[in-house]
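For reference, positions follow the sequence shown, starting with 1.
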Amino acid sequence: MAIEGKDEQAREPRIRLGMVGGGQGAFIGAVHRMAARLDDQFDLVAGALSSTPEKAIASGRDLGLHPSRTYGSYKEMAIREARLKDGIEAVSIVTPNHVHYEAAKEFLRRGIHVICDKPLTSNLADAKKLKKVADESKALFILTHNYTGYPMVRQAREMVANGDLGKIRVVQVEYPQDWLTEAAEQTGAKQAVWRTDPAQSGAGGSTGDIGTHAYNLACFVTGLTLTSLAADLDSFVPGRRLDDNAHVMLRFDSGAKGMLWCSQVAPGNENGLKLRIYGEKGGIEWCQENPNYLWFTPFGEPKRLITRNGAGAGAAAGRVSRIPSGHPEGYLEAFATIYTEAARAINAAKKGAKLDKDVIYPTVDDGVKGVAFVEACVASSKKNGAWVKL
């Protein structure tokens with residue numbers, strides 16, 4: 001016998017999700033699928049999972065998709081799903097960068113929400129065109145800069161906004177890896193091949209792949225706008241066509257100064273994203289490889305450790321935490337935070353409701369800034385590190 005509660009309301013139905021890219025052998029597609037399911041907000045029901053129909057069918061079968069909802073191209077999927085009564089409401093685009101613009105455009109123009117991997121596009125012209133399409137669409141556009149989803153990153157942002165550091169003076173951000181120290185692209189390694197190919201990746205190598213993450217994180221936490229930069233880019237591995245290391249000096253609109261280092265040829269570094277921010281009253285430090293900790297040092301006082309859900313952590317960290325104190329949350333949970341924020345925004349849009357002000361996710365505007373950052377770095381480096389305005 002069912003028990004009915006007069007004032008009880010059923011949970012929001014899961015959002016019907018499609019995916020472009022992310023088929024067999026794709027790393028980031030699996031990450032997106034796990035993130036979408038972690039908080040139980042999405043159901044993957046359709047996909048155009050590969051650029052080859054045979055591989056798309058095999059990938060759809062692996063994921064349990066119905067054959068009628070497995071497509072040979074993203075355009076075919078966009079057209080048919082938009083016509084179906086139970087068609088997808090949102091789509092994840094997890095392809096190499098050069099596909100993002102055309103794929104996102106097809107879905108946005110049909111009113112289907114887009115959740116897109118970063119960087120936004122492979123070049124600034126396409127980024128600006130995609131922004132225009134997104135602005136004219138009734139659908140939402142969410143960019144998966146997943147590091148903005150960590151609880152202690154939200155904590156750091158809240159502290160900066162509350163003035164705990166005072167006026168920001170110095171921003172230091174770095175993102176070193178070592179997986180491209182040798183010419184992995186020459187071995188046929190899928191992840192290395194497209195990331196080092198200008199036709200697929202765009203003008204930036206390490207700057208586009210991980211430098212955009214570092215840049216976005218610095219701006220997300222500080223709330224500052226970058227006005228100009230001076231960059232020195234290198235391709236240390238012989239024959240490599242895109243940069244694998246970059247040193248970038250930064251000037252922000254507030255007068256703050258910064259430095260960004262990204263490298264994929266730094267042996268001993270696996271995923272060393274680190275952010276340090278210093279203001280008139282104190283400084284903070286966060287490292288992605290120990291993401292549940294945030295160091296805070298008020299000037300003239302002992303260094304303090306703030307832990308996720310621990311003493312000193314505020315509401316911004318708490319609302320995106322899932323598990324009890326002392327149990328670490330990491331990469332997949334942070335990625336899931338972006339998907340859950342997207343779900344909240346999509347559900348609000350479906351009801352015509354006002355979105356909660358605490359819901360935060362990277363937008364198409366953040367994406368345009370990221371691509372502009374990459375192209376400015378390339379332009380500056382070609383001019384021997386001359387200052388370039390964004």
Test of understanding: clusters of I, L, V, M, F, W, Y form through side-chain heavy atoms closer than 4.5 Å, transitively. Do [X] and [Y] belong to the same one?
X	Y	value
Phe220	Leu275	yes
Val248	Tyr278	no
Ile346	Val45	no
Tyr361	Tyr147	yes
Val133	Val99	yes

Looking at [Y] and [X], is there a salt bridge between them, counting it only when a charged N and a carboxylate O are closer than 4.0 Å?
X	Y	answer
Arg80	Glu76	no
Arg154	Glu341	yes
Glu102	Lys129	no
Arg241	Asp197	yes
Asp135	Lys131	yes
Lys350	Glu89	yes
Asp43	Arg16	no
Arg14	Asp40	yes
Arg344	Asp39	no
Glu81	Arg69	yes
Glu174	Arg276	yes

Any heavy-atom pair between the side chains of [Y] and [X] that's under 4.5 Å?
X	Y	result
Asn347	Ile15	yes
Leu130	Val368	no
Tyr339	His32	yes
Leu49	Gln24	no
Leu224	Ile168	yes
Leu242	Ser201	yes
Thr207	Val374	yes
Tyr175	Asn271	yes

Is the number of heavy atoms from other residues, nucleotides or ligands under 6.0 Å of [X] [atom1] greater than 12?
X	atom1	value
Lys132	NZ	no
Lys128	NZ	no
Glu280	CD	yes
Asp253	CG	yes
Tyr331	OH	yes
Glu182	CD	no

With distance as the sole criterion, is a donor-acceptor pair present between the side chains of [X] and [Y] under 3.5 Å?
X	Y	answer
Thr363	Asp366	yes
Asn292	Thr307	no
Gln264	Asn245	no

Using modelled atom types and a 3.5 Å cut-off, is there a donor and acceptor pairing between side-chain atoms of [X] and backbone atoms of [Y]?
X	Y	value
His113	Leu140	yes
Arg251	Ala230	no
Asn146	Ala334	no
Asn216	His213	no
Ser380	Ala386	yes
Asn162	Asp164	no
Arg240	Leu180	yes
Ser325	Asn309	yes
Ser137	Leu108	yes

Single hit among Glu329, Arg322, Arg319 for side chain to side chain donor-acceptor pair (under 3.5 Å) with Thr337:
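Result: among Glu329, Arg322, Arg319, Arg322 is the only option passing the side chain to side chain donor-acceptor pair (under 3.5 Å) with Thr337.
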Item to check | Criterion side chain to side chain donor-acceptor pair (under 3.5 Å) on Tyr150 and Gln155, from CA distance to verdict | outcome: CA-CA 9 Å; Tyr150 280 101; Gln155 171 72 21; over 6 Å; no
Exercise for review: Go through the steps to decide whether Lys118 and Asp209 satisfy the test salt bridge (charged side-chain N to carboxylate O under 4.0 Å, His left out), and finish with yes or no.
Suggested key: CA-CA 8 Å; Lys118 48 56 59 190; Asp209 192 24; 3.7 Å; yes
In sequence, state the C-alpha distance, the side-chain angles, and the governing distance for Phe373 and Leu226, and then conclude on side-chain contact (heavy atoms from CB on, under 4.5 Å).
CA-CA 9 Å; Phe373 165 79; Leu226 186 66; 4.1 Å; yes
Give me the atom names and distance for the closest heavy-atom approach of Trp179 to Ala184.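 Smallest interatomic distance, heavy atoms only, reads O-CB, 4.4 Å.
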What is the minimum heavy-atom distance between Cys262 and Ile210, and which atoms define it?
->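 For Cys262 and Ile210, the tightest heavy-atom pair comes out as CB-CG1, 4.0 Å.
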Within 45° cone and under 6.0 Å: Arg37 NZ/CZ vs Phe42 ring =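 No, a cation-pi geometry is absent between Arg37 and Phe42.
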Arg304 to Trp295, cation-pi by 6.0 Å centre distance and 45° axis angle: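 Judged by the rule, Arg304 and Trp295 form no cation-pi pair.
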- Determine, stepwise, if the pair Thr144 / Asp117 fulfils side chain to side chain donor-acceptor pair (under 3.5 Å). CA-CA 5 Å; Thr144 55; Asp117 204 36; 3.0 Å; yes
**Prompt:** Under the side-chain contact (heavy atoms from CB on, under 4.5 Å) criterion, do Leu390 and Leu229 qualify, and how do the steps go?
**Reply:** CA-CA 8 Å; Leu390 274 76; Leu229 60 79; 3.7 Å; yes
Next item on the list: Take Phe335 and Ile28 through the test side-chain contact (heavy atoms from CB on, under 4.5 Å) and record every step on the way to the result.
Entry: CA-CA 11 Å; Phe335 225 116; Ile28 203 64; 4.2 Å; yes
Could you tell me the separation between the [atom1] atom of [X] and the [atom2] atom of [Y], rounded to the nearest 0.5 Å?
X	Y	atom1	atom2	value
Lys105	Arg110	NZ	CZ	10.0 Å
His100	Leu120	NE2	CG	8.5 Å
Cys377	Tyr215	SG	OH	9.5 Å

Q | Tyr293 and Trp286: CA distance, side-chain angles, deciding distance, side-chain contact (heavy atoms from CB on, under 4.5 Å) verdict | A | CA-CA 7 Å; Tyr293 305 128; Trp286 178 79; over 6 Å; no
(request) Return the orientation label for the Trp261 and His247 ring planes: parallel under 30°, perpendicular over 60°, tilted otherwise. (result)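 The rings of Trp261 and His247 lie parallel, inter-plane angle below 30°.
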